[in-house]
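Just below is one structure, and these are the notes that go with it.
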Protein chains: 2
Amino acid sequence: MGKRILFVDDDASILLLVSDVLSDAGLTVRTAGSGEEALEIIQQEFFDLIVLDIMMKGISGLEVCARIRGQVECPILFLSAKDDARDIIRGLGLGADDYLTKPFVLEELVARIQAHLRRQERIAPQRPPQSILQIGEICLNPEEMTVSKAGNPVSLSTKEFELLAYLMRNAGQTLSRERIFRDVWKTDFGDLGTVAINIKNLRVKLDPDWSYIKTVWGSGYRFVTRSGYAEEGKHYEH
Amino acid sequence: MGKRILFVDDDASILLLVSDVLSDAGLTVRTAGSGEEALEIIQQEFFDLIVLDIMMKGISGLEVCARIRGQVECPILFLSAKDDARDIIRGLGLGADDYLTKPFVLEELVARIQAHLRRQERIAPQRPPQSILQIGEICLNPEEMTVSKAGNPVSLSTKEFELLAYLMRNAGQTLSRERIFRDVWKTDFGDLGTVAINIKNLRVKLDPDWSYIKTVWGSGYRFVTRSGYAEEGKHYEH
DNA sequence: CGGGGTTCTTAATAATTCTTTATAATTGCG
DNA sequence: CGCAATTATAAAGAATTATTAAGAACCCCG
């Protein structure tokens with residue numbers, strides 16, 4: 001479900017037009033036709049971003065902003081026909097985050113809204129309480145960057161840790177070297193042998209008998225889903 | 001000490017004019033005359049916000065943005081003579097946060113910059129410096145400048161104390177050496193090795209097994225958010 | 001004004017991690 | 001069995017970080 005936007009304007013046609021476009025962009029839109037209505041809605045519902053028209057009869061957008069700033073900490077974007085710099089400065093000074101003058105290009109409004117939402121994500125990412133991963137006797141704690149096997153702590157380097165986390169998150173799937181390298185190293189150029197080496201390091205440190213990290217010949221690697229029984233034994237004898 | 005702004009434009013007169021105005025507004029301004037210069041500076045220093053002119057000879061502002069977005073998470077504001085909505089949308093799509101067309105009113109630029117900085121504060125506020133910080137069995141009292149571990153007092157030097165307080169206030173985040181140095185030492189020139197040394201001192205005094213202060217290879221340091229049980233053991237053996 | 005001690009910084013050295021390169025081992029197939 | 005493709009291991013080099021040690025700056029106290 002998309003982010004929630006509150007759009008406040010006393011021009012019904014704009015309200016309709018914009019809410020259509022924003023919906024198409026995957027956002028959930030709630031509209032209000034006046035400052036009074038907006039204040040009421042804001043008390044009751046949560047929004048990720050609020051768009052306020054400044055020139056409205058009754059309570060103006062500026063006043064709405066001044067009243068809710070302090071209670072609500074989502075980004076606020078002003079919309080106004082006045083393009084005088086003084087008004088813009090005053091609007092931003094009230095605690096708003098952006099100011100767009102009418103008439104505006106719809107796509108620019110969408111782009112600006114998404115820029116704000118993106119920033120919100122980047123700064124305060126909703127951390128889905130990074131769950132602890134446990135498969136067999138291997139336990140990985142993303143929060144503390146720690147790994148243990150049968151209760152005993154195992155010390156891994158950063159890359160080894162990231163690789164293990166990636167494998168465990170995608171346990172059961174066979175992952176190609178290309179995909180692993182792209183997702184864990186996050187670069188396009190580089191040597192795929194690097195993956196093999198880190199796989200080996202992991203095996204040496206916490207999987208000497210290859211119980212967890214299997215090699216799928218010609219395809220890639222696979223972390224077993226449940227471990228324990230199906231002891232397969234390593235492929236290589238040395 | 002004001003927030004640090006990087007201002008990039010190949011027009012020297014604008015560079016001078018704007019940096020004056022921003023300085024008057026209490027901000028610390030660093031300037032770059034080309035995209036190449038900007039990229040180099042960004043690798044070495046930390047900024048709270050970056051202003052990029054789009055039309056520059058050599059590496060354009062758009063390209064600078066594309067390259068640093070991902071590494072740098074501060075707000076980026078574009079400046080351009082082109083007021084075509086398509087350019088604005090493209091700019092914002094690249095991960096920028098705002099777009100202002102030339103010619104612009106200086107005060108509006110200042111207002112927009114401050115709006116972004118204000119929001120940064122609101123979203124990711126440094127925890128109030130006065131409150132007592134406790135993470136795991138480490139307890140820090142800013143009021144009395146004292147630190148204790150599991151109830152036993154630990155004696156730290158001034159800089160060590162400030163560094164620990166900074167780390168604990170920003171627990172959970174990975175903090176680059178540049179950023180730590182700027183925020184704790186509050187000077188621009190100096191050796192980043194100083195940070196490493198004080199980190200080591202802290203570890204010796206109250207974190208001999210690296211349970212709290214983690215090294216994020218290639219990035220910086222990170223104070224764990226919750227700590228305690230899962231004792232890990234250090235990476236280095238000696 | 002000093003002395004004595006602590007703290008801070010700089011510089012040099014050691015240790016670790018990551019990547020690349022090279023070599024050995026294994027698998028699949030004829 | 002032998003060849004080619006694939007994977008594993010080993011070792012070296014570069015980059016990053018940790019540690020050590022020594023000199024400079026600072027502060028407190030007489």
Side-chain angles (χ1 to χ4, degrees), chain A residues 145 147 154-164 166-167 174-182 184-205 207-210 212-222 232-238, chain B residues 43-44 71 145 147 154-164 166-167 174-182 184-210 212-222 232-238:
Chain A
M145 292 242 311
V147 175
V154 177
S155 124
L156 298 180
S157 76
T158 310
K159 274 282 179 292
E160 287 161 7
F161 177 86
E162 288 173 6
L163 174 58
L164 178 64
Y166 181 74
L167 292 177
T174 298
L175 305 159
S176 70
R177 282 154 228 282
E178 287 79 6
R179 184 172 163 186
I180 293 174
F181 189 78
R182 184 166 46 80
V184 176
W185 272 260
K186 300 183 202 306
T187 58
D188 291 335
F189 52 92
D191 190 353
L192 292 180
T194 302
V195 177
I197 289 178
N198 282 83
I199 289 283
K200 186 211 120 208
N201 291 341
L202 276 184
R203 290 211 257 235
V204 167
K205 287 188 177 174
D207 191 23
D209 49 7
W210 297 31
Y212 295 95
I213 305 172
K214 305 290 188 186
T215 299
V216 181
W217 212 89
S219 300
Y221 300 99
R222 188 170 57 82
E232 214 173 307
K234 66 183 97 175
H235 293 190
Y236 293 18
E237 322 288 334
H238 34 218
Chain B
Q43 297 307 323
Q44 296 166 2
Q71 299 176 44
M145 290 255 302
V147 175
V154 177
S155 104
L156 298 180
S157 77
T158 313
K159 275 282 181 288
E160 286 162 5
F161 178 85
E162 288 174 7
L163 174 59
L164 177 64
Y166 181 73
L167 291 177
T174 298
L175 304 160
S176 71
R177 284 153 226 282
E178 288 79 5
R179 185 170 167 179
I180 293 173
F181 188 78
R182 151 165 114 88
V184 176
W185 273 260
K186 302 185 198 304
T187 58
D188 290 338
F189 52 92
D191 190 353
L192 292 179
T194 302
V195 177
I197 290 178
N198 283 81
I199 289 282
K200 186 214 122 208
N201 291 341
L202 276 184
R203 291 212 257 234
V204 167
K205 286 188 178 174
L206 57 76
D207 191 23
D209 48 8
W210 297 31
Y212 295 96
I213 305 172
K214 305 285 188 187
T215 298
V216 182
W217 213 89
S219 300
Y221 300 99
R222 190 175 123 265
E232 187 205 353
K234 65 185 96 176
H235 290 191
Y236 292 19
E237 324 285 337
H238 35 219

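Predicted model only: the values in this text are computed from it and were never measured. Quick note: numbers below take in every heavy atom, side chains included, and nothing from hydrogens, waters or symmetry partners. We name chains A, B, ... by the order of the sequence lines, and we start the count at 1 in each one.
In this structure, the CD1 atom of A/Ile199 is 15 Å from the C1' atom of D/dT6, given to the nearest Å. To the nearest angstrom, C1' of D/dA18 lies 13 Å from CH2 of B/Trp217. Between the CG atom of A/Leu192 and the C1' atom of C/dT21 there is a distance of 15 Å, rounded to whole Å. Atoms CG (A/Asp207) and P (D/dT9) sit 11 Å apart, rounded to a whole Å.
Side-chain atoms of A/Asn201 and A/Leu156, non-hydrogen and from C-beta on, never get closer than 4.5 Å to each other.
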May I have the step-by-step check of side-chain contact (heavy atoms from CB on, under 4.5 Å) for A/Ile180 and A/Leu192, ending in yes or no?
-> CA-CA 9 Å; A/Ile180 293 174; A/Leu192 292 180; over 6 Å; no

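Under the 3.5 Å distance criterion, with hydrogens and angles disregarded, no donor-acceptor pair is assigned to the side chains of B/Tyr212 and B/Arg203.
Put simply, the residue from A/Leu163, A/Thr194, A/Asp207, A/Thr215 that forms a side-chain contact (heavy atoms from CB on, under 4.5 Å) with A/Ile199 is A/Leu163.
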Show each protein N/O and nucleotides 5-12 of chain C N/O combination with a separation under 3.5 Å, one pair to a line.
unit_1: C/dC8; atom_1: OP1; unit_2: B/Lys159; atom_2: N; d: 3.0
unit_1: C/dC8; atom_1: OP2; unit_2: B/Ser157; atom_2: OG; d: 2.6
unit_1: C/dT9; atom_1: OP2; unit_2: B/Trp185; atom_2: NE1; d: 2.8

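The A/Trp210 side chain lies nearest to D/dA8 when the options are D/dA5, D/dA8, D/dT19.
Contact annotation for B/Tyr221: backbone-only contact, meaning every heavy-atom pair under 4.0 Å involves sugar-phosphate atoms and none involves a base.
In this structure, CD on A/Glu162 lies 7.5 Å from CE on A/Met145, to the nearest 0.5 angstrom. Atom CD1 of B/Ile213 sits about 6.5 Å away from atom CG of B/Leu164, to the nearest 0.5 Å.
Between B/Arg177 and D/dT17 there is a side-chain N or O to OP1 or OP2 distance below 4.0 Å.
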